[in-house]
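Below is one structure, written out as structure tokens, with a few remarks after it.
In this text, all values refer to a predicted model and were calculated from it rather than measured experimentally.
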Amino acid sequence: MCPNECNADGCVISGKPYCAHPRKGGLHAIQMQDNDALRRAEQAREHIALAATAAKLEARKTA
């Protein structure tokens with residue numbers, strides 16, 4: 001899911017009015033040179049990976 005801060009006016013990852021969620025298409029080619037956008041995209045990927053790992057660990061606890 002996208003962060004609560006994202007809306008139709010902009011995405012917190014791209015900083016533009018399009019969704020750059022890593023699981024929904026990612027950054028547009030033009031932004032592949034934007035270091036700030038690349039940093040935010042990497043942080044989003046790391047957050048998603050950590051959340052998935054935490055969910056797996058929690059599932060093992062309850063299994």
Side-chain angles (χ1 to χ4, degrees):
M1 292 183 59
C2 290
N4 292 333
E5 293 84 0
C6 290
N7 57 46
D9 296 326
C11 168
V12 295
I13 297 170
S14 69
K16 306 284 182 190
Y18 76 89
C19 180
H21 190 285
R23 292 192 176 167
K24 297 180 182 180
L27 291 170
H28 288 179
I30 191 86
Q31 282 197 284
M32 298 309 270
Q33 303 300 318
D34 181 340
N35 288 330
D36 290 332
L38 289 168
R39 180 185 44 78
R40 291 188 300 267
E42 180 61 27
Q43 287 174 333
R45 283 190 292 276
E46 289 174 1
H47 178 79
I48 291 167
L50 288 173
T53 301
K56 285 180 186 178
L57 290 173
E58 189 61 32
R60 286 184 182 177
K61 288 181 185 177
T62 60

From CG (L27) to CD (Q33), nearest 0.5 Å:
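Going from CG on L27 over to CD on Q33, the span is 11.0 Å.
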Interatomic spacing from CZ in R39 to CG in D34 - rounded to 0.5 Å
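One gets 9.5 Å once the value is rounded to the nearest 0.5 Å.
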ring-ring contact (aromatic ring centres under 6.0 Å, His included) contacts in which one or both residues fall within residues 34-53, not counting sequence neighbours:
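Residue pairs with at least one partner in residues 34-53: there are none.
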Check residues 6-20 and write down every donor-acceptor pair under 3.5 Å in which the side-chain atom is one partner and the other belongs to a residue at least two apart or another chain.
from: N7; atom 1: OD1; to: D9; atom 2: N; distance (Å): 2.7
from: N7; atom 1: OD1; to: G10; atom 2: N; distance (Å): 3.2
from: S14; atom 1: OG; to: K16; atom 2: N; distance (Å): 3.0
from: S14; atom 1: OG; to: K16; atom 2: O; distance (Å): 3.2
from: S14; atom 1: OG; to: Y18; atom 2: O; distance (Å): 3.0
from: Y18; atom 1: OH; to: H28; atom 2: N; distance (Å): 2.9
from: Y18; atom 1: OH; to: Q31; atom 2: OE1; distance (Å): 2.3

Around atom CG of D36, are there more than 12 heavy atoms from other residues, nucleotides or ligands closer than 6.0 Å?
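Yes, because the 6.0 Å sphere around CG of D36 holds more than 12 heavy atoms from other groups.
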With a cut-off of 6.0 Å (strictly less than), are more than 12 heavy atoms of other residues, nucleotides or ligands near CD1 of I30?
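No, not enclosed.
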Sequence neighbours excluded, which residues qualify as salt bridge (charged side-chain N to carboxylate O under 4.0 Å, His left out) partners of E42?
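By the salt bridge (charged side-chain N to carboxylate O under 4.0 Å, His left out) rule, E42 matches R45.
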